[in-house]
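Below: one structure, written as structure tokens.
Quantities reported herein were computed from a predicted structural model and do not represent experimental measurements. Scope of the values below: all heavy atoms of this structure, side chains included, with no hydrogens, waters or symmetry mates. Per chain, numbering begins at 1; letters A, B, ... match sequence-line order.
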Amino acid sequence: MDPQLSSLHDDVLAWFGEHRRDLPWRGRDGERPDPWSVLVSEFMLQQTPVARVLPVFDAWMATWPTPADLAAATAGDAVRAWGRLGYPRRALRLHAAATAIAHQHAGRVPDTYEALRELPGVGDYTAAAIASFAYGRRVLVLDTNVRRVFTRVVRGEQYPTRSVTAAERRLGQELMPADRADEWAAATMELGALVCTARAPRCAACPIADRCAWRAAGYPQGEQPKGQTWHGTDRQVRGRLMAVLRESHAPVPKAALDAVWDDATQRDRCLAGLLDDGLVELVDDDVFALPGHDEGR
DNA sequence: AAAACGTGGCA
DNA sequence: TTGCCAAGTTT
């Protein structure tokens, strides 16, 4: 084993041992976490900060402690419980994943990357994360935190590219330790989340600052991909429409939805999009609700 | 393969 | 106040 690599592992893992956050989806004192908890948390954490996930996660697991419990609920119940986490299609896909697990996997969360990857809403990152954290498999977990850490430490650049490159995967594989790969994944993610942050990295607290290529190069500023616009977009309109549906337990007349946005063309396009996505159902003439509102009564 | 897809906190 | 950013996936 390359001694430099070995000491890199040691330093990062030692730092993790001291600064690891005690999050509810993580196992206690060396024990593996519940795979369902890992899966639910990973869905919620897609593009959403830990602090906002915590309360919703707790309520979710109390309501649906197993995949079969969620599968027995309606999709609308899932969307409503999702609350204001954002990207409500994730709630729909989590519900669909639970249904697939209940019916095609005997209620057990799959334990291989390949099987996980088949579940709705589970992409490369999420499949790797569940396989690693829940089952200890030695798979490469590349999230935005890990990518940023590797890009800075090894490549000497401030920001990773928009999408994962083959070179990045190669590097990630080379850096991955033979043992405790799951701990390495969690540690490098945590380092990116707590120290090697996007905006104001806390290099003074970094266990590997002495070998960081970006730091050694004098922190050259990189080009940032252009940010997303928000005001006036369909996403904003969809968000407002969903908020009305979510907060009402009774079906909603179209007039109530019309009130959230002036531009009728855009508003109707967005409502049609939500219907198409399966986030909204037409329950009567000009009356709408979250999906499956009248099932199981 | 670029673009769509929510939300709220923080600088 | 505006813009950035957060454990991505899908089409």
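For A/Pro49, the listed nucleotide lying nearest its side chain is C/dA6; candidates were C/dG8, B/dC5, C/dA6. Across C/dC5, C/dG8, C/dA7, the shortest atom-to-atom separation from the side chain of A/Asn145 is found for C/dA7. You'll find that the side chain of A/Arg199 is closest to B/dC10, out of B/dG6, B/dG8, B/dC10. For A/Tyr159, counting side-chain heavy atoms from C-beta on, the closest listed nucleotide (B/dG6, C/dA7, C/dC5) is C/dC5. If you check C/dA7, B/dG6, C/dG8 against the side chain of A/Arg148, the one that comes closest is C/dA7. Of all nucleotides listed (C/dA7, C/dT10, C/dA6), C/dA7 comes nearest to the side chain of A/Glu190. Comparing B/dC5, C/dA6, C/dA7 by their nearest atom to the side chain of A/Ala198 picks out C/dA6.
OP1 or OP2 of C/dT9 sits under 4.0 Å from a side-chain N or O of A/Thr126. Residue A/Tyr87 places no side-chain N or O under 4.0 Å from the OP1 or OP2 atom of C/dA6. The phosphate of C/dG8 has OP1 or OP2 within less than 4.0 Å of a side-chain N or O from A/Gln47.
A side-chain donor from one of A/Arg147 and A/Thr161 sits under 3.5 Å from a side-chain acceptor of the other.
The base of B/dT7 does not come close enough to the side chain of A/Arg235 for any donor and acceptor atom to sit less than 3.5 Å apart. A/Thr144 contributes no side-chain N or O that forms a donor-acceptor pair with the base of C/dG8 under 3.5 Å.
A/Asp124 comes within 4.0 angstrom of the backbone, heavy atoms only, and of no base.
For the C1' atom pair drawn from C/dC5 and B/dC5, the interatomic distance equals 16 Å after rounding to whole Å. Straight-line distance between the P atoms of C/dT9 and B/dG8: roughly 23 Å, to the nearest whole Å. For the C1' atoms, the distance from C/dT10 to B/dA1 is 12 Å, rounded to whole Å.
Rounded to whole angstrom, the span from the CG atom of A/Asp234 across to the C1' atom of C/dT11 amounts to 16 Å.
Annotation: A/Asp285, atom CG; neighbour count of heavy atoms from other residues, nucleotides and ligands within 6.0 Å does not exceed 12.
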